[in-house]
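Reminder, nothing fancy here: chain letters follow the sequence lines and each chain counts from 1. All figures in this text were calculated on a predicted structure; none of them were measured in a lab.
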Amino acid sequence: MPDPTNDWPNALYDLLRANKITQFAYVPDAGHKVLIDRSLADPDAHAIPLTTEEEGVALLAGADLGGARGVLLMQSSGAGNCINLLSLTVGCRFPLLTLISMRGEFGEGNAWQFPMGQAVEPVLKAMGLVVLTCSAPEDVIPVVSNAITMSFQAGQAVAVLLSQRLIGAKKF
Amino acid sequence: MAKLNKIQMSNLPDAVLDRRQAVPALIENPADFLIVAGLAGAAQEITALTLDSPGVFGLGGAMGAAPMMGLGLALAQKDRRVLVVTGDGELLMNVGALATIALQNPPNLTVICVDNGHYGETGNQDSHTGLGVQLDKIAAGAGFPVVTTINTEEDLAEGRRLLREGGGLSFILLRVKEGPPNRVSRNLVPHQVRDRFRAALLKS
């Protein structure tokens, strides 16, 4: 068993799979490297690289129509690409779980990242999503575990933000 | 007024098929499939064909979603044949989805693009395909292993064969004339369309 604090990425993959999540949709990001690599290596999961994040919103709606569960892995800039398609999720009451590795916040050194990074939480809330944040390694497993309940049991659309406090700011 | 460039490399025959006959003639028995239909003409057409069946998820918004919804559904329901029925406008909005679908290569999925070359819902403006963009070539370049183009009534037989005999992931470009789809009154309450589709599929 991976240590849930020191090796939270591997513990997180195990948590998602233990909760019957089989479709891992992603636009590559360093913050999600372990999840992406493990889904690619997992014969019982689908690793689904996207050309743009909004594809993942539609994919996971289709998965739910067929009785399957998925997760959308993206960076904060991708959240902006999803906005209109979240009409599908919220309007139809599809469950949604998305894990968003943040840029443009704590410790960011690249000014290009700030407009979208700072807008992620307000625009997702404006679309009707529940937004939770993980800022420390010990947050990840309990926060995502509760997000899974809110999403797949209560039918909510839930975004979990993985802060740069947790994953570290990229160095420039 | 500036003119749009009509792409000269294409040498397409004029569309002759009427969607109101061609779509039913291609799909034949929709109850054999799980269907995701994109807005607007495609969803209206398929709703009319099935008399608003719960086995059809028809979009009333979220333009561009249908092909990827079909992928999620096809991966979740490997033992069922899944059809995406979409228009040229909707497919163009998220055309990268063709590349994403081809990488997964689900053998139980067919994407049908009903291509009338126009944005029929918004004033019948030319779409990119109406000016020469060829979605069948884009699908082939994206990696769809089977691509067929239907220009005439005779071509419909090959499309029907693909839908019935499978042969893997496929893309069918159904070229039709401008003109309205068949229509019936349909349920536009989004969550009811989801709930009834899942109830019919998962609780039976």
K.L.:
Just wondering, do B/L103 and A/P49 contact through their side chains at under 4.5 Å, heavy atoms?
P.N.:
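Side-chain contact under 4.5 Å: yes.
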K.L.:
What distance separates B/L59 CG from A/S87 OG, expressed to the nearest 0.5 Å?
P.N.:
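Between atom CG of B/L59 and atom OG of A/S87 there are 11.0 Å.
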K.L.:
Would you say the side chain of A/T52 lies within less than 4.5 Å of the side chain of B/T100, judging by non-hydrogen atoms?
P.N.:
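No. Closest side-chain heavy atoms not under 4.5 Å.
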K.L.:
Within the supplied structure, the quantity of interest is the number of heavy atoms (other residues, nucleotides, ligands) at a distance under 6.0 Å from B/E28 CD; does it exceed 12?
P.N.:
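Yes.
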K.L.:
Are A/V57 and B/M68 packed together at the side-chain level, in the sense that at least one heavy-atom pair is separated by less than 4.5 angstrom?
P.N.:
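Answer no - side chains too far apart.
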K.L.:
Which pair of heavy atoms, one from A/N84 and one from B/A62, lies closest together, and at what distance?
P.N.:
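Between these two residues, the closest heavy atoms are ND2-CA, 4.2 Å.
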K.L.:
Say whether, by atom type as modelled, one donor and one acceptor occur between the side chain of A/E54 and the main chain of B/N94 under 3.5 angstrom.
P.N.:
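Such a contact is absent between A/E54 side chain and B/N94 backbone.
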K.L.:
Walk me through it: do B/L75 and A/T22 pass the test side-chain contact (heavy atoms from CB on, under 4.5 Å)?
P.N.:
CA-CA 10 Å; B/L75 294 176; A/T22 56; over 6 Å; no
K.L.:
Between A/D64 and B/R194, does at least one N-O distance fall below 4.0 Å, as a salt bridge requires?
P.N.:
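Between B/R194 and A/D64 there is a salt bridge, with a charged N closer than 4.0 Å to a carboxylate O.
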K.L.:
Side chain from CB out, backbone as N, CA, C, O: work out which of these in A/L60 comes under 4.5 Å of a heavy atom of chain B, or both, or neither.
P.N.:
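Neither the backbone nor the side chain of A/L60 comes within 4.5 Å of chain B.
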K.L.:
What part of B/I101 lies closer than 4.5 angstrom to a heavy atom of chain A: side chain, backbone, both or neither?
P.N.:
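It is neither, since no heavy atom gets under 4.5 Å.
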K.L.:
Take atom CZ in A/R93; do more than 12 heavy atoms of anything else shown fall under 6.0 Å from it?
P.N.:
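Not buried by this count: 12 neighbours or fewer within 6.0 Å.
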K.L.:
Tell me which donor-acceptor pairs under 3.5 Å the side chains of residues 94-104 of chain A have, and how far apart each pair is, sequence neighbours excluded?
P.N.:
from: A/T98; atom 1: OG1; to: A/L72; atom 2: O; distance (Å): 2.8
from: A/S101; atom 1: OG; to: A/D29; atom 2: OD2; distance (Å): 2.4
from: A/R103; atom 1: NE; to: A/E108; atom 2: OE1; distance (Å): 2.9
from: A/R103; atom 1: NH2; to: A/E108; atom 2: OE2; distance (Å): 2.9

K.L.:
Tell me, out of B/P190, B/G64, B/G60, who's got the most heavy-atom pairs with chain A below 4.5 Å.
P.N.:
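The candidate making the most pairs under 4.5 Å is B/P190.
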K.L.:
Just so I know, are the side chains of A/L65 and B/M69 near enough to count as touching, which here means a heavy-atom distance under 4.5 Å?
P.N.:
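Result yes, sub-4.5 Å side-chain heavy-atom pair found.
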K.L.:
Closest heavy-atom contact between A/L88 and B/A65?
P.N.:
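That closest heavy-atom pairing would be CD2-CB, 4.0 Å.
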K.L.:
With chain B as the partner, which of A/A25, A/A68, A/G91 has the greatest number of non-hydrogen pairs under 4.5 Å?
P.N.:
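The answer is A/G91.
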K.L.:
Kindly compute the distance separating CD (A/Q23) from CG (B/L71), expressed to the nearest 0.5 Å.
P.N.:
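Answer rounded to 0.5 Å: 7.0 Å.
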K.L.:
Count the heavy atoms of every other residue, nucleotide or ligand shown that sit under 6.0 Å from CE of B/M93, and state whether that count exceeds 12.
P.N.:
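No.
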